[in-house]
2 protein chains.
Amino acid sequence: MGRPKKFDPEKAVEQAAETFRVHGYAETSPQSLADSLGIGKGSLYHAFGSKHELFLKSLERYTDTQLADLKAVMDEGRPIRERVRELLTGFVEADLNDPDRCGCLVVNTAVELRASDEPAVKLLGRSFEATESVLHLAFIAAQHAGEIDADRDPKALAGLVQSSMIGLRVLVKTTSDRDRLGSIIDAAVAAI
Amino acid sequence: MGRPKKFDPEKAVEQAAETFRVHGYAETSPQSLADSLGIGKGSLYHAFGSKHELFLKSLERYTDTQLADLKAVMDEGRPIRERVRELLTGFVEADLNDPDRCGCLVVNTAVELRASDEPAVKLLGRSFEATESVLHLAFIAAQHAGEIDADRDPKALAGLVQSSMIGLRVLVKTTSDRDRLGSIIDAAVAAI
DNA sequence: AGAGTATTTGACCTTGAGGTACAAAATTCA
DNA sequence: TGAATTTTGTACCTCAAGGTCAAATACTCT
């Protein structure tokens, strides 16, 4: 009972994640957040408590979505190198298509955040681990399928692909050189 | 002539770079900047014009220093893989030894920055290119020395090492797992 | 010493961040 | 219909960011 909510909290968290991704945590004001959700600032605080609490919820939702997307790509029935290439190319192309180069909320937050923000650091740590785990499992499977040499360390490969992916998403913030980025992807795929 | 400066502008820019590295651009206030330089806020504005101008100078100095450090390591007369390992390990260890995981000003700025900040984006772009170039040249030399297969693309390898390096410095913000980070370094070195 | 020049400082200004308070509005239940 | 409950939105609060300014200070040159 009581007055019905004007907005869908789920959608709001999703929209907030996008706002944080585009403008960053520090540069997103409660007012702009409220505006982007189409509600008053008071309602926002009533519903979410604080900017930081809303941010944590947004970040969590974002990591969930991202992980699902990653799994979707890695679950495709194609050669492992094709899937990894698709993954890296997808991120790079997405970033290049955005003139503001906003990039990935997880990467952005990992850098912008203070180490003292423990809940956020934990969320990010879990997200990075989950990503690595998906890659790790895919590489193990690929080894069993004979696509990757059995003497390679699948976990280390997962870490290498992950760190290259993150590095690419940072590099793309200051360059639009598709050849250069593409050759990095080539090298990453070749390293598997 | 005129009243002599109370501080050394060179040292001040260096100190400012460190403050920006530790706290980030947005989170560094003119007041704290002035405090860290041991001067009044007015003096700071008189000497540097604005927070942003000081930031650009700081960033430029930082990139110069960083590039010199990189060259120093890559100029050592040791096997290429040892040098690359030393490079990556050095950054990771430095970051791990800092409880606040402040990391690298260039990486941090590339992420925190708005794409609309053209002078900063240019500086960062040049810095990333210069870094890649040093690695590129080192790999070419290593190929001539027979340390790296001649059929590898040295520029792509440079890009891969660079992006892994950046990725590692982001990952280390949320993890302290030396084994995991170490195995990523192993994989990166093995990929050369 | 005095003129001229450069630097220093704290006081002051405007703007907006992050958040609170409260009365009005919209619903359900009896 | 009225009571209870919940959400809404504006007005308001405090604090600090980023920056400006004028007066005081410290130097050089003549």
Side-chain angles (χ1 to χ4, degrees), chain A residues 1-59 105 108-109 112-114 116-120, chain B residues 1-59 105 108-109 112-114 116-120:
Chain A
M1 62 176 78
R3 180 171 176 167
K5 275 196 161 69
K6 194 183 168 187
F7 64 98
D8 176 356
E10 302 279 301
K11 291 277 179 195
V13 168
E14 208 163 311
Q15 173 60 47
E18 177 60 11
T19 304
F20 282 126
R21 186 186 73 85
V22 171
H23 301 290
Y25 179 74
E27 293 289 309
T28 299
S29 69
Q31 187 57 60
S32 70
L33 226 28
D35 290 349
S36 81
L37 305 185
I39 62 178
K41 197 166 54 159
S43 300
L44 191 153
Y45 275 87
H46 179 75
F48 298 107
S50 72
K51 177 184 169 183
H52 192 251
E53 281 179 70
L54 173 54
F55 176 70
L56 290 178
K57 286 194 180 178
S58 301
L59 184 57
L105 219 211
N108 294 354
T109 302
E112 184 183 354
L113 222 73
R114 298 230 281 269
S116 59
D117 186 345
E118 290 177 33
Chain B
M1 61 174 79
R3 181 171 174 168
K5 274 198 162 68
K6 193 183 167 189
F7 63 99
D8 176 357
E10 301 281 303
K11 290 279 178 192
V13 168
E14 207 163 311
Q15 173 60 46
E18 177 61 11
T19 304
F20 282 126
R21 187 186 73 85
V22 170
H23 301 290
Y25 179 73
E27 294 288 310
T28 298
S29 70
Q31 187 58 61
S32 69
L33 226 29
D35 290 349
S36 81
L37 305 185
I39 62 178
K41 198 166 53 156
S43 300
L44 191 153
Y45 275 87
H46 179 74
F48 298 106
S50 73
K51 177 184 168 182
H52 192 252
E53 281 178 69
L54 173 55
F55 177 70
L56 290 177
K57 287 194 179 177
S58 301
L59 184 57
L105 219 212
N108 295 354
T109 302
E112 184 184 354
L113 221 75
R114 298 229 283 267
S116 59
D117 185 345
E118 291 177 33

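Heavy-atom basis, side chains included; hydrogens, waters and symmetry copies ignored. Every chain is numbered from 1 and lettered A, B, ... according to where its sequence line falls, protein lines coming before strand lines.
Ring orientation note: the planes of Phe48(A) and Phe7(A) are tilted relative to one another, at an angle of 30° to 60°.
Here chain B contacts DNA chain C (any atom closer than 4.0 Å to a heavy atom, that is under 4.0 Å), and the contacts span dT5(C) to dG10(C) from 5' to 3'. Scanning DNA chain D 5' to 3' for nucleotides with an atom closer than 4.0 angstrom to a non-hydrogen atom of chain B gives a first and last hit of dA17(D) to dT28(D).
The NE2 atom of His52(A) sits 13.5 Å away from the NZ atom of Lys57(A) when rounded to the nearest 0.5 Å. Separation of atoms CZ (Arg21(A)) and OG1 (Thr28(A)) is listed at 11.5 Å; rounding is to 0.5 Å. Note: Leu105(B) CG to Leu59(B) CG = 6.0 Å, rounded to the nearest 0.5 Å. With rounding to the nearest 0.5 Å, the separation of CG in Asp117(B) from OG1 in Thr109(B) is 9.5 Å. A distance of 10.5 Å separates OG in Ser36(B) from CD in Gln31(B), rounded to the nearest 0.5 Å.
Among the heavy atoms of the strands, none lies under 4.0 Å from Phe48(A). Within 4.0 Å of Lys41(B), counting heavy atoms only, lies at least one base atom of the nucleic acid. Contacts of Ser43(A) with the nucleic acid, taken as non-hydrogen atoms under 4.0 Å apart, include base atoms.
In terms of position on DNA chain D, the residue among Arg3(A) and Thr28(B) whose nearest nucleotide sits closer to the 5' end is Arg3(A). Across the interface with DNA chain C, nearest-nucleotide mapping of Ala26(A) and Gly42(A) shows Ala26(A) to be the residue nearer the 5′ end.
Nearest approach of Tyr25(B) to Lys51(B), heavy atoms of both residues: O-NZ, 3.0 Å.
Using modelled atom types, one side-chain atom of Ser58(A) and one backbone atom of Leu54(A) make a donor-acceptor pair closer than 3.5 Å.
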